[in-house]
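Everything quoted here is computed from the prediction, not taken from an experiment.
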Amino acid sequence: MATLDEIKGLLGEPCFHWSDPAPWVRLEQELGVVFPEDFREITDAYGPVLISGKLYLYHPGHSIRSLGEEIKESLEFWREEGSADILPREAGARPGELLPIATGATAETVFLEVPNESAAPWAVGVQELDTGEYVPYDMAFSDWLLAFLKGEDVMAGSSLPDHPSYEFLN
């Protein structure tokens, strides 16, 4: 699993530095899921950001760019769209479902694939809404993000970043 130091090496020093676990606890209780530690660590470090002009990440403790609100809106969208026709599994937070956790600048949704068993590893999947293509990546979020930052093609439908950078979203 990629480390926060590896992410920092490509993306630069984070500026958010969130340390209060309360928003995570509330969100996890509300959704009935415990987020993977690597996702929490990266999100706590960088907060709500736009990465390389292509990937939006949110944080549960931010009042405007709330991860919880983004997840709820995305789940509502995918459930209204009839995700069974588009996604390989149902969108949601239960075991085996796809939990939307980030968005792309060109109509992509990044999902965490909730494992069927608590000890099983999490994986990432990307849905490109325009083409309907869903691409699973059998890797942890930190590995997927590191691959994205290195310019590997892990964001269906999106061009590769020119150089890793981030913009804090107020």
Side-chain angles (χ1 to χ4, degrees), residues 1-4 7-8 11-81 83 87 89-115 118 121-129 134 137 139-149 154-156 158 164-170:
M1 188 177 307
T3 66
L4 182 57
I7 302 296
K8 287 179 189 178
L11 198 53
E13 282 297 315
C15 65
F16 194 60
H17 305 291
W18 189 271
S19 61
D20 179 7
W24 285 107
V25 171
R26 281 191 300 273
L27 180 58
E28 289 174 342
Q29 287 175 345
E30 186 176 335
L31 294 174
V33 67
V34 176
F35 287 90
E37 192 58 39
D38 64 325
F39 176 70
R40 284 180 61 157
E41 181 181 36
I42 291 165
T43 306
D44 279 346
Y46 287 95
V49 291
L50 174 59
I51 297 177
S52 298
K54 301 183 184 315
L55 177 67
Y56 289 94
L57 291 180
Y58 306 98
H59 190 276
H62 196 272
S63 60
I64 298 171
R65 309 281 185 183
S66 168
L67 177 63
E69 291 305 313
E70 291 294 326
I71 288 173
K72 289 175 209 167
E73 288 175 15
S74 189
L75 285 174
E76 185 177 314
F77 168 79
W78 285 107
R79 288 172 178 156
E80 285 178 3
E81 282 296 307
S83 62
L87 297 174
R89 295 191 294 272
E90 190 173 327
R94 294 185 306 241
E97 293 181 333
L98 301 173
L99 182 61
I101 50 95
T103 56
T106 56
E108 301 89 1
T109 301
V110 179
F111 293 91
L112 288 176
E113 297 181 356
V114 183
S118 61
W122 290 72
V124 176
V126 178
Q127 174 69 42
E128 210 296 311
L129 193 57
Y134 180 86
Y137 297 96
M139 58 180 73
F141 177 78
S142 57
D143 291 332
W144 178 86
L145 181 59
L146 188 63
F148 174 75
L149 295 173
V154 293
M155 188 82 156
S158 182
S165 63
Y166 75 92
E167 173 187 345
F168 184 73
L169 302 173
N170 293 324

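- In this structure, a donor-acceptor pair under 3.5 Å is absent between the side chains of His17 and Asp44.
- Residue Gln127 holds its CD atom at 4.0 Å from CH2 of Trp78, rounded to the nearest 0.5 Å.
- Across all their heavy atoms, Tyr46 and Val49 have their closest contact at O-CG1, 3.1 Å.
- A distance of 9.0 Å separates CE of Met155 from OH of Tyr137, quoted to the nearest 0.5 Å.
- Distance check, rounded to the nearest 0.5 Å: OG of Ser165 to CD1 of Ile51 gives 9.0 Å.
- Across all non-hydrogen atoms, the minimal contact from Pro100 to Ile71 is O-CG1, 3.0 Å.
- Tested against Val124, the residues Leu145, Leu112, Val154, Asp143 include a single side-chain contact (heavy atoms from CB on, under 4.5 Å) partner, Leu112.
- Note: Trp24 and Phe39 have perpendicular aromatic rings, judged against thresholds of 30 and 60 degrees for the angle between ring planes.
- Atom CG of Leu75 is separated from atom CD of Glu97 by 8.5 Å, given to the nearest 0.5 angstrom.
- Not counting sequence neighbours, the partners of Val114 by the side-chain contact (heavy atoms from CB on, under 4.5 Å) test are Val33, Leu99, Trp122.
- Scanning both residues, His62 and Leu169, for their nearest heavy atoms gives NE2-O, 3.8 Å.
- Contact between Ala105 and Gly53 at its shortest, heavy atoms only, is CB-O, 3.6 Å.
- Contact annotation: the side chain of Ile101 approaches that of Phe141 to within less than 4.5 Å [non-hydrogen atoms, C-beta and beyond].
- Note on Arg79 versus Glu76: no salt bridge recorded, every NZ/NE/NH1/NH2 to OD/OE distance being 4.0 Å or above.
- Note on Lys72 versus Glu30: salt bridge recorded, some NZ/NE/NH1/NH2 to OD/OE distance being below 4.0 Å.
- Here the closest non-hydrogen pair linking Phe16 and Gly47 is CD2-CA, 3.1 Å.
- Heavy-atom minimum distance, Ser52 versus Pro164: OG-CA, 3.4 Å.
- Taken to the nearest 0.5 Å, the CE atom of Met1 stands 13.0 Å off from the CG atom of Leu4.
- With values rounded to the nearest 0.5 angstrom, Arg40 atom CZ is found 14.5 Å from Ser142 atom OG.
- Salt-bridge check for Glu69 with Arg65: failed, with every basic side-chain N at 4.0 Å or more from each acidic carboxylate O.
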